[in-house]
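Since we're looking at a predicted model, the values are computed, not measured. Just so it is clear: chains get the letters A, B, ... in the order the sequence lines come, proteins before strands, and each one is counted from 1.
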Protein chains: 2
Amino acid sequence: MSQGDALRDRIIGTFESMPPQLQQAARHILEHPDEVALVSMRELARNAGVQPSTMTRLAKFLGFAGYEDIRAHHAQAIRLRVDGFAAQQERASTSDEGLAQQMLHSLSLQIARLGEPASIARLEAAAERLARARRIYVLGLRSCHLVAWHFHYVMTLLGERTEHLDGPAGTVGDGLMRAGAKDVLLAISINPYARHSLELAQLAREKGMGVVAITDSEVSPLNGVADEVILCATESPTFFHTLAPALAVSEVLCGLLANRDRAAALEALQKADRHLLALNTYSSAIPRRQ
Amino acid sequence: MSQGDALRDRIIGTFESMPPQLQQAARHILEHPDEVALVSMRELARNAGVQPSTMTRLAKFLGFAGYEDIRAHHAQAIRLRVDGFAAQQERASTSDEGLAQQMLHSLSLQIARLGEPASIARLEAAAERLARARRIYVLGLRSCHLVAWHFHYVMTLLGERTEHLDGPAGTVGDGLMRAGAKDVLLAISINPYARHSLELAQLAREKGMGVVAITDSEVSPLNGVADEVILCATESPTFFHTLAPALAVSEVLCGLLANRDRAAALEALQKADRHLLALNTYSSAIPRRQ
DNA sequence: TCCACATTGCAACGATTGTTTTACGAACTA
DNA sequence: TAGTTCGTAAAACAATCGTTGCAATGTGGA
């Protein structure tokens with residue numbers, strides 16, 4: 001199960017030199033590692049058939065300040081196991097990671113988790129719904145702006161069916177004026193949810209539009225108004241939320257939509273290419289400035 | 001992860017009818033199910049931002065005798081998961097993946113690769129350079145707009161030192177007018193490189209500004225003008241490039257910068273929170289429309 | 001045999017837990 | 001507008017927690 005476990009090795013290594021009661025306690029911990037974090041010390045001692053104080057003494061024998069250190073260790077082991085194949089990634093640098101490494105590791109896992117079957121099914125259902133729409137209105141305010149913008153940008157390269165709701169000076173929602181039952185609103189919102197986004201999603205619903213949501217929780221307010229909901233993680237070791245998984249979702253949706261008619265998508269992209277080429281938009285070297 | 005979870009379904013089902021505080025508690029439990037079993041109720045309440053009593057009330061609201069029932073449920077879920085290797089093995093054996101799964105898998109790897117030591121070193125060097133700057137000008141055109149926008153948005157919440165170069169009607173570069181040797185340009189550009197981005201980066205260089213680049217290749221044109229370069233993958237099984245790794249880079253940079261003075265960052269965020277709260281920007285439920 | 005010492009069980013300690021009570025304030029109703 | 005209900009925050013509560021001191025027990029060396 002856990003081969004790179006320092007505490008476990010320590011217990012095994014010093015087991016022989018323990019007094020009988022400590023051995024009994026230690027054996028029970030080795031055989032029921034999860035219980036250590038899940039029940040109180042007294043109950044663990046009861047199950048192990050030793051006195052509560054023996055657990056404390058075991059902790060000190062192992063060089064810890066108190067039993068709390070042992071519990072913390074096993075709790076952490078559970079937390080890490082949640083990320084299942086964390087072991088698969090790399091064993092070397094698990095102990096002391098910098099913030100950057102932590103962030104990237106966690107991001108990688110969060111995106112990998114989007115690949116689970118339940119999540120894939122939601123993505124495909126959402127893509128299906130979007131594909132059937134006459135027009136797609138894209139809404140993402142504040143932090144979610146970047147996701148909405150990305151979706152709209154890519155879809156614009158692919159065709160003409162999207163409209164980005166981000167007017168200045170409070171005109172965000174104006175784009176919905178001509179929207180109707182055949183259209184779909186793609187709403188992106190994460191906690192804290194922008195009030196305006198929720199209002200517009202609700203309005204879209206009332207207009208009979210389809211609603212597809214990218215959000216962060218089973219209990220996001222968007223669940224109530226959306227036909228299709230895609231969940232993405234936003235947790236981050238920093239002060240703010242991450243949007244990379246949400247962006248990944250947007251990219252997957254674009255990918256699925258483009259994949260429905262590969263020939264058409266390819267042609268649209270080539271057309272866009274020619275257009276941008278004609279405008280001298282791109283360059284592959286630092287241009288000489290005049 | 002846990003689809004056959006009665007308690008979870010119960011929480012989701014009754015979520016709408018909960019008072020706000022209960023919702024906040026419930027949301028935290030849904031998002032951190034393991035923590036329920038691993039930390040004390042008081043600490044869980046603290047992390048959820050609610051009173052301890054709210055957790056008890058949530059338990060009663062859900063029809064339990066007390067909080068202990070909730071903890072017991074989550075503890076049992078952890079115990080059962082120990083035997084849950086089957087799902088993982090099955091996942092590993094399915095070589096026939098759909099496009100969505102392919103994309104997410106590849107994305108996950110690309111971001112994990114950003115955590116390699118060489119890459120981490122570049123990220124930290126770039127953060128160091130940005131931290132020393134008087135002002136940070138952020139430039140990302142076309143597809144890279146979302147990355148630039150993200151960096152600017154987060155940094156604005158943290159303080160006042162960034163300016164986003166994205167003026168309309170061809171005024172993109174105007175912001176650099178007053179920029180000087182003490183400032184830094186953060187330029188984001190991937191293949192195909194927007195000509196305008198390269199020109200502005202070159203201009204910044206000539207003005208004596210520092211240049212930090214997020215780009216996609218060792219031979220990107222930005223290599224020539226930037227003091228610090230961060231590379232991120234952009235390949236995708238679709239027709240277009242992925243920007244999720246680039247966004248991840250931006251998030252890491254923000255994280256590293258915020259981490260340099262955690263107290264100040266926290267204070268700035270709280271200030272921003274109060275401001276947005278006063279403006280009634282956010283909501284956690286669909287607002288009633290009048 | 002006796003002593004020194006390690007090990008153990010037990011009881012009590014303060015700290016912290018989960019819960020209940022209380023009082024205040026907001027939101028709704030008539 | 002006054003009255004009422006509802007939701008929340010804070011304090012008080014008993015219970016349980018992990019820990020510690022001490023006496024009882026067992027063990028090995030002189």
Between [N] ([atom2]) and [X] ([atom1]): distance, integer Å:
X: B:Q21; N: C:dA27; atom1: CD; atom2: P; result: 13 Å
X: B:F61; N: D:dC6; atom1: CZ; atom2: C1'; result: 13 Å
X: B:R46; N: C:dT16; atom1: CZ; atom2: P; result: 10 Å

Check: B:R27/B:Q24 side-chain N/O donor and acceptor closer than 3.5 Å: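 There is no such pair (donor and acceptor under 3.5 Å, judged by atom type) between the side chains of B:R27 and B:Q24.
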A:K60/A:D69 under salt bridge (Lys or Arg N to Asp or Glu O under 4.0 Å): CA gap, chis, key distance, verdict: CA-CA 10 Å; A:K60 308 223 157 173; A:D69 292 321; over 6 Å; no
Listed partners of A:R57 passing salt bridge (charged side-chain N to carboxylate O under 4.0 Å, His left out), at least two apart: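 Listed in chain order: nothing, the list is empty.
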Tabulate atom names and distances for all N/O pairs under 3.5 angstrom spanning the protein and nucleotides 18-22 of chain C.
unit_1	atom_1	unit_2	atom_2	d
C:dG18	OP1	B:M41	N	2.7
C:dG18	OP1	B:R71	NH1	3.2
C:dG18	OP2	B:M41	N	2.8
C:dG18	OP2	B:R42	N	2.8
C:dG18	N7	B:R42	NH1	2.3
C:dG18	O6	B:R42	NH1	3.0
C:dT19	OP1	B:Y67	N	2.7
C:dT19	OP2	B:T56	OG1	2.9
C:dT19	OP2	B:Y67	N	3.3
C:dT20	OP1	B:K60	NZ	3.4
C:dT20	OP2	B:K60	NZ	2.6
C:dT21	O4	B:R57	NH2	3.4

Intermediate values then yes/no, side-chain contact (heavy atoms from CB on, under 4.5 Å), A:M103 and B:I111: CA-CA 10 Å; A:M103 289 180 68; B:I111 289 181; over 6 Å; no
Ring centroid separation A:H145 to A:H152 under 6.0 Å: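 No, the ring centres sit 6.0 Å or more apart.
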